[in-house]
J.: 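After the structure tokens below, expect a handful of questions from me.
In the text below, chain A, chain B and the rest are named by the order of the sequence lines, each starting its count at 1.
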There are 2 protein chains.
Amino acid sequence: MLIEIDFNSSEAIYEQLVDRIIVGIATEEFHDGDALPSVRQLADMIGINMHTVNKAYGVLQQEGFVKIDRRRGAVIAVDIDKLQALREAEDILGVIFARTHCRGVTRKEVHELVDRIYDQYERKDVR
Amino acid sequence: MLIEIDFNSSEAIYEQLVDRIIVGIATEEFHDGDALPSVRQLADMIGINMHTVNKAYGVLQQEGFVKIDRRRGAVIAVDIDKLQALREAEDILGVIFARTHCRGVTRKEVHELVDRIYDQYERKDVR
DNA sequence: TCTTTGTTATATCATCACTATAACAGAAAG
DNA sequence: CTTTCTGTTATAGTGATGATATAACAAAGA
């Protein structure tokens, strides 16, 4: 479990944690049923406050990526909600692709970028 | 010039302004050389403070979407920097697509989403 | 001269991110 | 039963940020 935090980033620590763990799930570094470190453990590992980790876990629970078990702590449990995910992504991508398009990035180049990223999450030979 | 602000959003007003104007450029609502309203005008139109608009214009200048002309105010002037744009997009998209992938959204569905968004920015029949 | 432009300088207020302690109940292990 | 670990809750302080309110200035244009 390798989680690196950029303390110079303007992105909040707890958000970096959330993102990092979600990417970890996507890359199959974490699997459904796996338990994350306890809030105190992870806080000590990274060198931050317990509540910052707790907030990240709370967000992950809220967003449907983990369930909190009083005995085992935060356990990976991904809610599949394709429609919701597509709707959320659409708004954000609209703004991101407006930027790329203005800067001269073509539709084709974006498709290639999508493939490059999705290759990290699903083996090509599987489909 | 229609700019709507969601005052209930957790996204900062100046960031909403920046995003809205960039999308406006992408959809060719604004063209290179067009002048945006003065900071005071736009602030009055929206009903917000002058400095909030000023900050948005400052960010747009920093990111290379407008140039500030003391006579004409903020003028659309897009810096083309494909490589920089691709690099910036890659980081953000990595996290976004991690989310969609976890939620069961397939690579194909993402490609379709990309096409739907890019259709708003470039006419299909042009290429 | 009068108006409008961007620019700069203060000051205030609310919210947020993060930290620091502290205490509690539930569960597991000795 | 006691100890230890878990998440949970509460409270408080600090620093940064977003937004507001005034105010004043120089440059440009009518």
J.: For B:Y118, check side-chain hydrogen bond (donor to acceptor under 3.5 Å, both in side chains) against everything at least two apart and list the hits.
T.: A:T100

J.: What string of B, S and - do you get for nucleotides 9-14 of chain D, 5' to 3', when a contact is any protein heavy atom under 4.0 Å?
T.: BB----

J.: Go through the steps for A:E15 and A:R20 under the test salt bridge (charged side-chain N to carboxylate O under 4.0 Å, His left out), then give the verdict.
T.: CA-CA 8 Å; A:E15 283 177 339; A:R20 176 65 189 82; over 6 Å; no

J.: Roughly how far apart are A:R116 CZ and B:F97 CZ, rounded to 0.5 Å?
T.: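 It comes to 11.5 Å.
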
J.: Within the 4.0 Å heavy-atom criterion, would you say B:R40 contacts the bases, only the backbone, or no part of the nucleic acid?
T.: base

J.: Is there a side-chain contact between A:Q41 and the phosphate of D:dC5, meaning an N or O under 4.0 Å from OP1 or OP2?
T.: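 No, no such contact exists.
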
J.: Taking CZ from A:R72 and C1' from C:dA27, how many angstroms apart are they, rounded to a whole number?
T.: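 The answer, rounded to whole Å, is 14 Å.
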
J.: Filter on salt bridge (charged side-chain N to carboxylate O under 4.0 Å, His left out), then keep only pairs touching residues 43-66 of chain A, sequence neighbours left out; what's left?
T.: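 Pairs touching residues 43-66 of chain A that pass the test: A:E63-B:R99.
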
J.: Whole angstroms only, please: what is the CG-P distance between B:N49 and D:dA23?
T.: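 To the nearest whole Å, that distance equals 13 Å.
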
J.: Under 4.0 Å between a side-chain nitrogen and a carboxylate oxygen: does that hold for A:R103 and B:D79?
T.: no

J.: Measure the distance from CG on A:D69 to P on C:dA27 and round it to the nearest whole Å.
T.: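 Whole-Å distance recorded here is 10 Å.
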
J.: Name the nucleic acid region contacted by B:Q61, choosing base, sugar-phosphate or nothing; use a 4.0 angstrom heavy-atom cut-off, strictly under.
T.: nothing

J.: Please determine, for the side chain of B:T52, which listed nucleotide (D:dT20, D:dG7, C:dT19) has the closest atom?
T.: D:dT20

J.: Tell me every residue that passes side-chain hydrogen bond (donor to acceptor under 3.5 Å, both in side chains) with B:E88, counting only those two or more places apart in sequence or in another chain.
T.: B:Q84

J.: Between B:I48 (CD1) and C:dA14 (P), how many Å, whole number?
T.: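 From B:I48 CD1 to C:dA14 P: 20 Å.
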
J.: Which heavy-atom pair separates A:I76 from A:H31 by the least distance, and what is that distance?
T.: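 Distance-wise, the nearest heavy atoms are CB-O, 3.4 Å.
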
J.: In this structure, how many angstroms lie between the C1' atom of C:dT5 and the CG atom of B:L42, rounded?
T.: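 The answer, rounded to whole Å, is 15 Å.
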
J.: Give the rounded distance in Å between these two atoms: CG of A:L36 and C1' of D:dG7.
T.: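 Whole-Å distance recorded here is 14 Å.
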
J.: Given atom CD1 of A:I46 and atom C1' of C:dT19, what is their separation to the nearest angstrom?
T.: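 My rounded result for the distance is 15 Å.
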
J.: Could you list the residues that satisfy ring-ring contact (aromatic ring centres under 6.0 Å, His included) with A:F65, not counting sequence neighbours?
T.: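 With sequence neighbours excluded, A:F65 shows a ring-ring contact (aromatic ring centres under 6.0 Å, His included) to no residue whatsoever.
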
J.: Is the distance from OP1 or OP2 of C:dT5 to the nearest side-chain N or O of B:S38 less than 4.0 Å?
T.: yes

J.: For the pair A:V75 and A:L36, evaluate side-chain contact (heavy atoms from CB on, under 4.5 Å) and give the outcome as yes or no after the intermediate values.
T.: CA-CA 6 Å; A:V75 178; A:L36 294 172; over 6 Å; no

J.: Identify each atom pair where a protein N or O and an N or O of nucleotides 15-18 of chain D are less than 3.5 Å apart, giving names and distance.
T.:
residue: D:dG18; atom: OP1; partner: B:Y14; partner atom: OH; Å: 3.0
residue: D:dG18; atom: OP2; partner: B:K55; partner atom: NZ; Å: 2.7

J.: Send over the distance from B:I68 CD1 to D:dA26 P, rounded to a whole Å.
T.: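 Result: 21 Å.
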
